[in-house]
Amino acid sequence: MPTTTDDRADVTELIYRLYACMDEGRFTDLPALFADEISVRTPGGLATGRDAVVAQAARNHSPEERVQHFVHNPLVAVNGDHAIVRADVIVTFTPESTPQSVPEPRYTLSERFHYEATRSPEGWRLARVDGTPVWSTGTSRRAAAPQR
């Protein structure tokens with residue numbers, strides 16, 4: 001029987017795995033992290049359902065840039081088969097470069113996230129992700145793109 005401490009660690013790792021997939025461009029691995037009715041609201045948009053959430057993540061994390069998420073201060077509360085989490089995430093977007101150069105980030109965004117996770121037969125899965133910007137610096141790829 002899992003303990004609350006194990007559950008907290010498992011839910012925290014689930015969130016870390018989410019951002020590892022996005023940082024590494026492994027969008028096809030994301031559905032295994034999500035509940036069937038996942039809902040995500042971030043500055044990148046609102047999406048509901050696994051396919052829509054994966055498409056949004058791929059659209060907002062271009063292969064032409066390096067992306068790195070820093071997750072900190074996760075606070076996990078478990079109640080049976082349901083967990084809620086609050087965490088701060090800083091994400092940097094850096095132009096892709098050669099292995100010999102390390103460019104400065106073009107855009108950095110700090111967000112406060114609230115997550116809901118549910119236990120399934122396969123383990124913990126994210127059911128809701130809700131991010132609110134706290135601060136940013138630089139220019140986002142979306143803001144720099146010509147308006148149509």
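This chain uses plain numbering: 1 for the first residue, then up along the sequence.
- The CZ atom of Phe93 sits 13.0 Å away from the CD atom of Glu64 when rounded to the nearest 0.5 Å.
- Of the possible polar contacts, none joining the Arg128 side chain to the Glu116 backbone as a donor-acceptor pair under 3.5 Å is found.
- Taking the salt bridge (charged side-chain N to carboxylate O under 4.0 Å, His left out) definition, one finds that Glu13 meets it with nothing, sequence neighbours left out.
- More than 12 heavy atoms of other residues, nucleotides or ligands lie within 6.0 Å of CG in Asn73, so this atom counts as buried by the packing criterion.
- Residues Arg106 and Pro95 approach most closely at CB-CD, 4.0 Å, considering heavy atoms.
- Between Gln68 and Tyr19 the shortest side-chain heavy-atom distance does not fall below 4.5 Å.
- Side-chain atoms of Met22 and Phe27, non-hydrogen and from C-beta on, do get closer than 4.5 Å to each other.
- Nearest heavy-atom pair, Pro43 versus Glu111, reported as atom, atom and distance to 0.1 Å: CD-OE1, 2.8 Å.
- Other residues sharing a hydrophobic cluster with Phe70 under the 4.5 Å side-chain heavy-atom criterion for ILVMFWY residues are Ile90, Val134, Trp135.
- Taking CG of Leu30 as the reference point, atom CG of Asp51 lies at 11.5 Å (rounded to 0.5 Å).
- Expressed to the nearest 0.5 Å, how far CG of Leu75 lies from NE2 of His114 amounts to 9.0 Å.
- For the residue pair Thr94 and Glu104, the shortest heavy atom distance occurs at CG2-O, 3.5 Å.
- Hydrophobic clustering (side-chain heavy atoms under 4.5 Å, transitive across Ile, Leu, Val, Met, Phe, Trp, Tyr) keeps Ile84 apart from Tyr115.
- A side-chain donor-acceptor contact under 3.5 Å links Asp23 and His69.
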Discussion item. I'd like to know whether Leu18 forms a side chain to side chain contact (heavy atoms under 4.5 Å, CB included) with Phe34, so could you lay out the CA-CA distance, the side-chain angles of the two residues, the decisive distance to 0.1 Å, and finally the verdict.
Written reply: CA-CA 9 Å; Leu18 166 69; Phe34 300 148; 3.9 Å; yes

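- Counting heavy atoms of neighbouring residues, nucleotides and ligands inside a 6.0 Å radius, atom CD of Glu24 exceeds 12 of them.
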